[in-house]
Amino acid sequence: MGALTQNFSDSGANPPQQGGGGIAEVLEGKKEFFVAFYGESGYKRAMETAIAIATDPKFDRCSPISIAEAIMASVRIGLDIELGEAWLVPYKETVQFQIGRKGFQRLLYNSAAGWLIDAEPVYDTDSFEYQITEQGKKITFTPNFFDREEDSTEWIFGHMKAIYLSATDKSGRKIHKVVTKKQIEKLRLNSPNQIYASKWAKPDVKERIAKKLPVEIWQKWYGEMAITKAIKLFAKQLPIGDRVINKAIKLDDLAEVGEQEEFIAEAQTIEPTPLPQQNPKTPASINDIKAQAAILGAEVSGPVEKHGKFWVKATTSEHTDTQLLQKLGFVFISHKNVWVMEVTHLI
């Protein structure tokens, strides 16, 4: 994340202030890129979220760049932080973007198959039986609501046995799954903010971490977090084939190990290598560009209009020949495999 700070220094401007107050400054500095890829509405939604959390003290020690990165991640997959579809989770001096239960349910429902997800916690006070026979699966679940103490997170953590999930698509097909607490705890204990105490952590937090007990967001919302992670595990097994959901799962996987995709920090513009004059295959249309980029292993989307100009975006992979992609006229703008190119022929 040093690239953006260096850019502020080189220009003689002051780096953005720490905490929520500097988020809007970061977003404004990269507005051209954001609008090109996410439109004016996406940029506006990001700015509204930035303003809404600007005075939240829990972000005071967090890098505004990491906060802006997390906000843009929500814009990229179309989730609303203020509606609880995604969360901004402070971790040391950064913020992690995590998808919430509502977010996964919305993405799955909006997929082509229209998966409707139901998730129920199973406690040791309930009656639950799951059988697999030659005739199929037989599930008997009788929740004991009278003996549950779901207003206590400590009770939820101590008595949860599993999460029972069912998914129904538009055709009426149903799929069931049980995610055990052991599976959920394995995911939780892979998260850095559950196994490493920050230098500002209070003694009781450090003690809980030493005992492998939930802290931070997991301590406050263990039931919701458990259901969220169970739904994500379920989503990985459902026949979906949806790029947005796959991207969402990838972003959440990164958050679980304390990382996130950088949309801002490494953004840069470099001059593309001019097309050789003798090259007879210089693209003359959008279709030509897409066809030639596909041969090189890149996927092209667009065009989108920005200030009277039209741009296409190429997403690369480890198999893409980026040197030839650059010779086609694409400009590298992010270390996370995003390239753009101005086009004049829209046929």
Side-chain angles (χ1 to χ4, degrees), residues 37-39 41-42 45 70 72-87 97-122 128 130-141 143 162-181 183-184 186-187 223-256 260-261 290 294 297-302 304 313-317 336-338:
F37 296 130
Y38 311 115
S41 61
R45 192 164 77 250
M72 291 311 301
S74 71
V75 172
R76 186 176 186 183
I77 56 178
L79 296 182
D80 195 317
I81 293 172
E82 295 183 74
L83 293 179
E85 294 175 341
W87 302 321
F97 168 76
Q98 292 190 13
I99 300 172
R101 169 185 182 173
K102 294 179 182 178
F104 275 119
Q105 288 178 315
R106 176 183 171 185
L107 292 173
L108 288 164
Y109 185 73
N110 288 342
S111 67
W115 288 105
L116 183 63
I117 305 296
D118 185 39
E120 293 289 342
V122 180
F128 185 83
Y130 191 122
Q131 295 181 340
I132 300 177
T133 67
E134 292 182 357
Q135 289 72 38
K137 297 177 181 178
K138 181 181 179 181
I139 301 164
T140 305
F141 178 33
I163 302 295
Y164 167 57
L165 305 114
S166 63
T168 307
D169 68 8
K170 291 179 180 178
S171 68
R173 175 177 49 166
K174 292 187 177 182
I175 299 178
H176 303 274
K177 183 175 179 61
V178 176
V179 177
T180 66
K181 182 183 177 182
Q183 291 174 285
I184 293 167
K186 183 177 180 180
L187 288 175
E224 279 295 304
M225 290 296 292
I227 290 174
T228 300
K229 298 307 176 185
I231 291 176
K232 189 178 83 167
L233 281 178
F234 197 17
K236 288 182 175 181
Q237 299 177 12
L238 290 174
I240 299 172
D242 186 283
R243 291 180 60 190
V244 175
I245 295 176
N246 290 336
K247 171 55 67 176
I249 291 173
K250 178 183 176 182
L251 290 172
D252 202 74
D253 282 344
L254 288 172
E256 285 181 352
Q260 67 183 17
E261 281 199 353
K290 291 183 176 181
E299 183 175 349
V300 174
S301 60
V304 295
K313 179 177 73 170
T315 303
T316 62
S317 68
K336 293 296 183 181
N337 63 26
V338 175

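At a threshold of 4.5 Å between non-hydrogen side-chain atoms, the residues Ile77 and Ile99 count as touching. Here the side chains of Ile117 and Phe104 are not in contact, with every heavy-atom distance at 4.5 Å or above. Contact annotation: the side chain of Asp169 never approaches that of Ser111 to less than 4.5 Å [non-hydrogen atoms, C-beta and beyond]. Contact annotation: the side chain of Leu233 never approaches that of Lys229 to less than 4.5 Å [non-hydrogen atoms, C-beta and beyond]. You'll find the side chain of Leu108 stays beyond 4.5 Å of the side chain of Phe234, heavy atoms only. With a 4.5 Å cut-off on side-chain heavy atoms, His176 and Tyr164 count as touching.
Although no hydrogens or angles enter the test, the distance criterion places no donor-acceptor pair under 3.5 Å between the side chain of Gln98 and the main chain of Trp87.
Considering NZ of Lys170 and OH of Tyr109, their distance stands at 7.5 Å, rounded to 0.5 Å. Rounded to the nearest 0.5 angstrom, Thr228 OG1 and Lys102 NZ are separated by 10.5 Å. Distance check, rounded to the nearest 0.5 Å: OG1 of Thr133 to NZ of Lys138 gives 8.0 Å. Atom CG of Leu107 sits about 11.0 Å away from atom CD1 of Ile231, to the nearest 0.5 Å. The distance from the CD atom of Gln237 to the CG atom of Leu165 is 10.0 Å, given to the nearest 0.5 Å.
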Would Lys232 and Asp253 satisfy salt bridge (charged side-chain N to carboxylate O under 4.0 Å, His left out), going step by step from the backbone distance to the final call? CA-CA 10 Å; Lys232 189 178 83 167; Asp253 282 344; 2.6 Å; yes
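Between Ile163 and Ala119, the closest heavy-atom pair is CG2-CB, 4.3 Å. Here the shortest heavy-atom pairing between Phe97 and Ala70 reads CD1-O, 3.4 Å. A pairwise comparison of heavy atoms in Lys137 and Tyr130 identifies CD-OH, 3.1 Å as the closest pair. Contact record, Glu85 with Gly78: OE1-O, 4.4 Å, taken as the closest heavy-atom pair. Contact record, Gln183 with Val178: OE1-O, 3.9 Å, taken as the closest heavy-atom pair.
A perpendicular orientation is assigned to the rings of Phe141 and Phe128, their planes being inclined by more than 60° (bins at 30° and 60°).
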